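This structure is a prediction, so every number in the text was calculated from the model and none was measured.
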Amino acid sequence: MALSRLFLDARSLAPHNDTDTTGAVSEAARLAERAASRSAAERLAAVAPDALTLRLTELRDVLEAFDWPDVDAPWRSARLVVGGAAASGSDATDFDATAAVTGTLRYGDDAVQTTRFVSRAFDALAAPDLDPGDYSMTFSYAGRSESVSVSVTAEDQTWAEVLEKFADAVNAMALPVQADIVFQSVPGERVDGLLRTGTMLVLSQDAADADAHRDAPLRIDRSQFLPRALDLNTFSAAASQTPSTAAYSLTPLRRAMPTSFATPIVDPGAPAPLTDGTHYFAFSNGPASGTVAVNVAQGDTWREVLQKVANALNGAQSDFRAEVVRAERTDYVSLPDGDVRRVQAEGVHLALQAVAPKRGETVSFSFGRAEDAADAFHDPTPGLPTAATGATYIATATANGWTAGNVYTKDPLAPTTWVETTPTAGDVRWVDAAGDNYRFDGAAWSAAEDFVAAVGLDATAWPGQDGELVANGKTLTSTSNRYALDDGHLLADVHESSAETVPLKVVEALDRVERAVLGVVEGYNGLVGFLDKERNLWSEEFRAQWPAAVAANRTDLAWLGLRATNSGRLWADGDRLFAALGENADRARAAFLGTAADPGDGLIPRLRTLVDDALAAGTASLYGDDSGGPAAAPRFPWRAVADEDEADSVLLDLRS
């Protein structure tokens, strides 16, 4: 419309004479049209760099997202775990959903079975059909074995009472086995894949523990009466050899934390202010307990004492690990001018952590009874004690044949004889009447120091907690932050706790590869199409390098079902891509990502290099000039005009 109005206005201003002005008017219209085209092209040139940057960025994003699945199964049955952003819509910005929960797939016999044994279904309120007596069962696991014993009495009126006794006995074992009494009103309500309903005894393991010992799984001695009476059978719901394609909504409510202790940080080279001799302290970890003896010698440093404690604990049990750990400590140094300066110095402390705790287990320490004991202290001045054979006393005075400080025991073989023992400095005795350890210093007995407090085992404690994950509405617990889903084919590992809902999907690997390839094709075609549409703006060298990158892999890409059309765009054949992956997955990977010997010899790295170079150079620098090389000034699709006002000059001439 603007051009036609300009043309009409020019004609109306021409003189009315016999001179033919048609040629002049046509030239004016042509120049006016050229000026309008130049204005439109200049506007296009102003926004073209941003448009090119957008398409380069879109292609870069799909190239960065392209990954090659690491699958062990055949491609036709291979699965992948795909994470995603938090799904709850929370405003929290410090929660990385893709890192909070990750998944690992297991195929066939590698599936991790956490539910190991399930009993028959019981009526919890029915009377047990077991005669009163002791019943035992033996477990074997990872080269260890342990037996439990349950006493059924006439007072046990229901199966619920008997099952509870057995569950308590199993949970008191050192073996990492968890016993639960489970009630299901519908199949799969509490245990996936368990079709029975009613009250059942379920024996299970933590997913990480079961995964680590798949070659030595938990077993029970089926020759014993109790497992047959309970009808405890191996549970296996992992009939499928392939993980199921499914979507999971996972909420990692709480991370599991093993019980741990840390003593105060001390100077490793400073002498430990402890009495020479043997010190005793007790430990307990769930049902496991014991007493540890530590020998302290004169001049032992804190590092040496703590290492002795660690060695003694590690040698006495295997449920938790003790380690002397380096750490920084804060010292305060007095300066000559009276000021006090705070300085950081080397320190050490004893750190303890449960190795494979059961649900609800905690570690605790207390004073420990010495190996040798005495009934009480006794003053022999009024007379010797009347006691049974084997009774032991420590004399508090010298009288009636006893010597102060010595230990006397009634001889079982000669009831009128007291056997005398002379202690040596450092000897420790537990005195029942006093309820404490006493140490002999060479002259007298005195209450032994509290070794637990002296070493600092009671200083800082972090009670353990079980992890909790809600998976598709079902709450699961773990002591290792690993959970078995889909009958053990999907292992979900929780790395961060949150109330956010994290989606995980198990998809077919072929579908994932197809989507990744199509994403690259779409991004590439979007860029090439833009360059072709505005081909006069960009240098020939810049436009030609994209088809050249595809042509460099022409043979392998054609084998994969990718080929370039006459317009330069890519066309993908999904069926051929699937077939190629089945024929030779390594060749397919090399075509896209290159080889180990030449990682740049693949479509993805070639395109990525071109994108990175273009973005680094700046898209405004990619305009073409008349020679086809890069130039700062744009090359427009019209004839150069000598003077910007040339069209206006023609019109002015016409008006005159």
Side-chain angles (χ1 to χ4, degrees), residues 136 138-149 168-179 206 209 257-263 272 274-275 277-297 300 304-325 349-374 392 426-432 434-439 447-464 479:
S136 61
T138 301
F139 294 82
S140 62
Y141 173 68
R144 295 183 292 166
S145 63
E146 190 170 348
S147 297
V148 297
S149 182
D168 291 343
V170 171
N171 293 332
M173 288 196 309
L175 294 181
V177 185
Q178 184 70 37
D206 183 81
D209 195 60
M257 293 178 59
T259 296
S260 58
F261 283 86
T263 61
L274 299 169
T275 306
T278 305
H279 297 262
Y280 298 89
F281 68 96
F283 68 87
S284 66
N285 180 43
S289 62
T291 298
V292 175
V294 177
N295 294 311
V296 177
D300 278 354
E304 292 170 329
V305 170
L306 294 180
Q307 190 60 59
K308 287 180 178 180
V309 174
N311 293 342
L313 282 171
N314 292 334
Q317 50 74 50
S318 58
D319 294 327
F320 56 89
R321 183 180 300 107
E323 182 181 9
V324 178
V325 179
H349 68 108
L350 187 67
L352 302 103
Q353 181 166 300
V355 176
K358 292 187 180 182
R359 296 205 297 263
E361 278 190 354
T362 59
V363 180
S364 62
F365 298 91
S366 61
F367 64 85
R369 293 172 59 108
E371 296 172 0
D372 296 324
T392 301
D427 284 354
V428 180
R429 291 258 178 172
W430 173 265
V431 180
D432 289 332
D436 205 349
N437 287 322
Y438 281 79
R439 183 183 305 280
E449 61 198 304
D450 185 349
F451 187 74
V452 171
V455 174
L457 287 174
D458 61 345
T460 305
W462 293 276
T479 60

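- The minimum heavy-atom distance linking E146 with M173 is given by the pair OE2-CA, 3.4 Å.
- Residues V296 and T275 form no side-chain contact, since every pair of their non-hydrogen atoms from C-beta on lies 4.5 Å or further apart.
- Remark: T291 OG1 to R369 CZ distance equals 8.5 Å, nearest 0.5 Å.
- Proximity of L352 to L457: side-chain heavy atoms (C-beta onward) are separated by under 4.5 Å at one or more points.
- Under the 3.5 Å distance criterion, the side-chain polar atoms of E449 are left unmatched by any main-chain donor or acceptor of A454.
- Between F365 and F281, the angle of the ring planes lies from 30° to 60°, which puts this pair in the tilted group.
- In terms of the side chain to side chain contact (heavy atoms under 4.5 Å, CB included) criterion, residue partners of E371 (sequence neighbours excluded) are, by chain and number, Y280.
- With a 4.5 Å cut-off on side-chain heavy atoms, D300 and K308 count as touching.
- Residues meeting the side chain to side chain contact (heavy atoms under 4.5 Å, CB included) test with D168, sequence neighbours left out: E164.
- Nearest heavy atom pair, residue S149 against residue A169, reads O-CB, 4.2 Å.
- Here the side chain of N437 pairs no donor or acceptor atom with the backbone of A448 at under 3.5 angstrom.
- Side-chain contact check for V177 versus Y141: every heavy-atom pair is 4.5 Å or farther apart.
- Among all heavy-atom pairs drawn from A447 and Y438, the shortest one is N-CD2, 3.3 Å.
- Legend: residues meeting side chain to side chain contact (heavy atoms under 4.5 Å, CB included) with S140, ordered by chain and number and at least two apart, are S145, R219.
- In this structure, A179 and N171 approach most closely via the heavy-atom pair N-OD1, 2.8 Å.
- The two residues T278 and V428 have their closest heavy-atom pair at O-CG2, 3.3 Å.
- Of the inter-residue distances, the one linking S289 atom OG with Q317 atom CD reads 11.0 Å to the nearest 0.5 angstrom.
- Here the closest non-hydrogen pair linking L350 and T263 is N-OG1, 2.8 Å.
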